[in-house]
Protein chains: 2
Amino acid sequence: MSQTVDRALTILPLLAEGPASLEQVATRLDVHKSTALRLLRTLHEHGLVYRQQDQRYRLGARLFALAQQAVEALDIRGIAHPHLAALNEHTGHTVHLAVYEQGEVVYIDKVDSRYPVRMYSRIGRPVAITVAAVAKLLLADLPEPERRAVAESLDYPRYTPRSTPDAAAFLAELARVREQGWACDLGGHEESINCVAAPLRGPDGRVCAAMSLSAPNVVVSAEELLRLRPLVLRTAEVIGAELSGVQPAPGLSPAPGPAAAPGPAPVPGLAAAPAPDLSPLPAPASAPAPAPAPATKGATR
Amino acid sequence: MSQTVDRALTILPLLAEGPASLEQVATRLDVHKSTALRLLRTLHEHGLVYRQQDQRYRLGARLFALAQQAVEALDIRGIAHPHLAALNEHTGHTVHLAVYEQGEVVYIDKVDSRYPVRMYSRIGRPVAITVAAVAKLLLADLPEPERRAVAESLDYPRYTPRSTPDAAAFLAELARVREQGWACDLGGHEESINCVAAPLRGPDGRVCAAMSLSAPNVVVSAEELLRLRPLVLRTAEVIGAELSGVQPAPGLSPAPGPAAAPGPAPVPGLAAAPAPDLSPLPAPASAPAPAPAPATKGATR
DNA sequence: ACGGCCGTTGCGGAGGATGCAACGGCCTGC
DNA sequence: GCAGGCCGTTGCATCCTCCGCAACGGCCGT
């Protein structure tokens with residue numbers, strides 16, 4: 001749209017490959033040296049570009065600072081919430097959002113089931129870390145030594161007969177979770193409650209949060225709940241993409257409906273989950289919904 | 001220099017503070033809405049800016065990708081070498097550069113002493129990880145669980161009576177090193193050889209390499225060598241700044257000699273060490289050096 | 001010492017960016 | 001339910017600013 005800016009920005013990926021001289025830049029941009037110089041100067045003034053003593057240019061510190069500041073300013077909850085609400089809207093079940101912090105897993109958001117079922121979770125409170133599906137996902141993404149250290153330092157309360165018994169079992173479970181890219185808890189915390197969870201990956205590809213869908217046996221069987229897995233995974237993927245700041249459609253998005261995304265959106269940068277089939281599935285309550293993905297509607301802000 | 005680009009780039013730090021609408025951007029840039037729109041569009045096309053469904057703008061994924069690619073393309077050795085050579089030039093002693101990789105610490109550069117002294121190190125070869133000063137620095141920066149895992153998996157050969165005896169002692173030493181921001185090895189590997197080391201921090205603030213100055217007792221005493229610590233720390237800082245792409249002096253740097261750095265270069269971006277005095281110090285062996293207290297300590301990330 | 005290379009500067013011209021005004025969708029409030 | 005306002009978007013004419021050229025100057029290699 002703007003030629004000058006366009007050229008200037010083209011320089012960045014070029015320099016990301018490695019240091020380059022003025023002339024190299026000018027050549028690859030196909031502009032005059034003086035033009036390239038002016039652009040580089042401007043980038044330099046903004047600290048996006050650094051000049052080595054051999055006069056060649058590299059990307060500058062400001063770029064890192066910006067990237068860092070951007071992730072810190074990321075409001076996971078704010079971005080995720082509409083999607084969580086939509087998922088709750090479609091399925092009717094309880095939706096949780098949790099993050100890992102300092103050895104604990106904490107709920108940071110929750111959309112209550114539309115069924116009259118109490119669940120012992122509260123925003124801001126620690127999760128039953130040894131059994132909760134979200135906890136498994138968050139811990140599974142930690143570097144191996146830390147994962148083991150945490151696993152070994154935990155208590156393993158037997159909430160139910162199906163609770164994780166000890167560190168060894170937990171680590172084995174984490175390995176499987178890491179492998180398959182999702183997690184579940186079938187009556188491990190409260191006898192009659194099951195849940196499926198999916199990871200939210202941030203701009204750096206690491207798991208920065210996890211979300212889950214929970215329901216008691218009396219409403220849906222474990223099998224039925226697990227059938228919703230594709231939906232949960234898909235929602236997590238969409239949120240992750242939005243967190244990273246990736247456009248749903250490269251060209252332009254005339255459609256205001258954001259999550260009604262085009263079927264095959266591979267999420268370029270990150271390692272995407274195996275993208276399982278997503279059959280519409282009747283949905284426990286309401287909305288035979290041919291629309292597989294949760295369509296956000298009620299605008300935010 | 002270039003008004004258009006200048007305006008466009010001004011948008012980035014603005015958005016780093018948090019999402020902003022078109023009008024907000026236009027207002028803060030003091031330009032017409034349409035102008036801001038064009039700029040944002042261009043940034044958007046390059047992926048530096050992302051558009052949320054509420055139409056507000058955020059920094060985009062491409063920014064992270066660029067930063068990441070840039071650090072991967074970083075040639076630590078190439079950048080550090082001139083500084084290492086300068087340090088060697090000033091002191092006459094052997095200078096080493098090492099990195100941590102996959103449980104090992106490896107030398108990636110070396111500038112030999114101008115004295116006829118052999119040292120059992122070679123570029124590309126693993127370092128005596130339990131005693132070498134550079135190894136201590138590199139391991140000290142690992143996350144706690146990994147640090148412990150590595151420490152416990154090591155052998156602790158008794159090269160000399162002063163070698164680190166076991167994991168417990170090593171971890172204690174690492175904690176101290178982490179705290180003080182530098183490390184030394186006094187005859188822990190070879191009876192008569194001492195060395196002082198300082199960490200090189202990359203754009204992300206983590207220790208990405210470590211450098212050391214080594215000399216045998218026959219040339220300088222341990223005490224004399226330690227007196228050179230400020231110089232080593234300073235050099236490491238300068239290299240770190242250059243790795244991050246920060247300008248030494250905003251105006252311009254007339255001095256070609258890199259390590260003969262300008263006195264007050266605060267190193268804006270990163271948490272800088274308290275900047276100990278650096279008397280030019282005459283030559284290889286010492287300087288009466290009023291060299292005061294244990295200068296550095298904080299230097300936390 | 002000289003030639004070539006590369007970054008830098010000043011200048012005129014033209015292409016492109018700017019701001020204006022008008023359109024259109026969306027939400028609010030009456 | 002309708003009108004009003006808000007905000008993003010578009011087309012266009014004007015003027016600014018960015019572009020390419022050519023010449024300068026420092027540096028290095030021969």
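Lettering follows sequence order; numbering is per chain, from 1. Computed over heavy atoms, backbone and side chain alike; hydrogens, waters and symmetry mates excluded. As the structure is a prediction and not an experimental result, all values here were calculated from the model.
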Problem set entry | salt bridge (charged side-chain N to carboxylate O under 4.0 Å, His left out) partners for B:Asp30, two or more places apart | none
Seminar exercise, completed: Bend of the helix from C:dA1-D:dT30 to C:dC30-D:dG1 from end-axis comparison, five pairs per end, nearest 10°, comes to 40°
For this session: Enumerate the residue pairs fulfilling side-chain hydrogen bond (donor to acceptor under 3.5 Å, both in side chains) with a member in residues 4-19 of chain A, sequence neighbours excluded, ordered by first and then second residue.
Result: A:Asp6-B:His46, A:Glu17-A:Arg28
For this session: Name the closest nucleotide to the B:Gln55 side chain, picking from C:dT8, D:dT10, D:dG8.
Result: D:dG8
For this session: Can you tell me which residue pairs pass the salt bridge (Lys or Arg N to Asp or Glu O under 4.0 Å) test with a partner in residues 37-49 of chain A, sequence neighbours excluded?
Result: none
Seminar exercise, completed: Applying side chain to side chain contact (heavy atoms under 4.5 Å, CB included) to A:Val207 and not counting sequence neighbours gives A:Leu138, A:Asp141, A:Pro199, A:Arg201
For this session: Output yes when a side-chain donor or acceptor of A:Ser113 lies under 3.5 Å from a complementary backbone atom of A:His93, and no otherwise.
Result: no
Exercise. Between C:dG19 atom P and B:Leu37 atom CG, what is the distance in whole Å?
Worked result: 13 Å
Problem set entry | All side chain to side chain contact (heavy atoms under 4.5 Å, CB included) counterparts of B:Gln24, not counting sequence neighbours | B:Ala20, B:Ser21
Exercise. Can you tell me how far C1' of C:dT8 sits from CZ of A:Arg41, to the nearest Å?
Worked result: 7 Å
For this session: Under the salt bridge (Lys or Arg N to Asp or Glu O under 4.0 Å) rule, what do B:Arg206 and B:Asp204 come out as? Steps first, then yes or no, please.
Result: CA-CA 6 Å; B:Arg206 303 247 344 246; B:Asp204 52 359; 5.8 Å; no
Below 3.5 Å, can you tabulate the donor-acceptor pairs from side chains in residues 63-73 of chain B to any protein atom, sequence neighbours excluded?
none

Exercise. Residues in side chain to side chain contact (heavy atoms under 4.5 Å, CB included) with B:Asp109, at least two apart?
Worked result: B:Arg77, B:His81, B:Leu84, B:Leu97, B:Ile123
Exercise. Which of residues 12-25 of chain A sit near DNA chain D, with a heavy atom under 4.0 Å from it?
Worked result: none
For this session: Measure the distance from NE2 on A:His44 to C1' on C:dT8 and round it to the nearest whole Å.
Result: 15 Å
For this session: Indicate for each nucleotide in nucleotides 11-30 of chain D, in 5' to 3' sequence, whether protein heavy atoms under 4.0 Å reach the base (B), only the sugar-phosphate (S), or nothing (-).
Result: ------SSBBBB--------
Problem set entry | Set of residues satisfying side chain to side chain contact (heavy atoms under 4.5 Å, CB included) with respect to A:Ile79, sequence neighbours excluded | A:Leu74, A:Glu242, A:Leu243, B:Gln52, B:Arg58
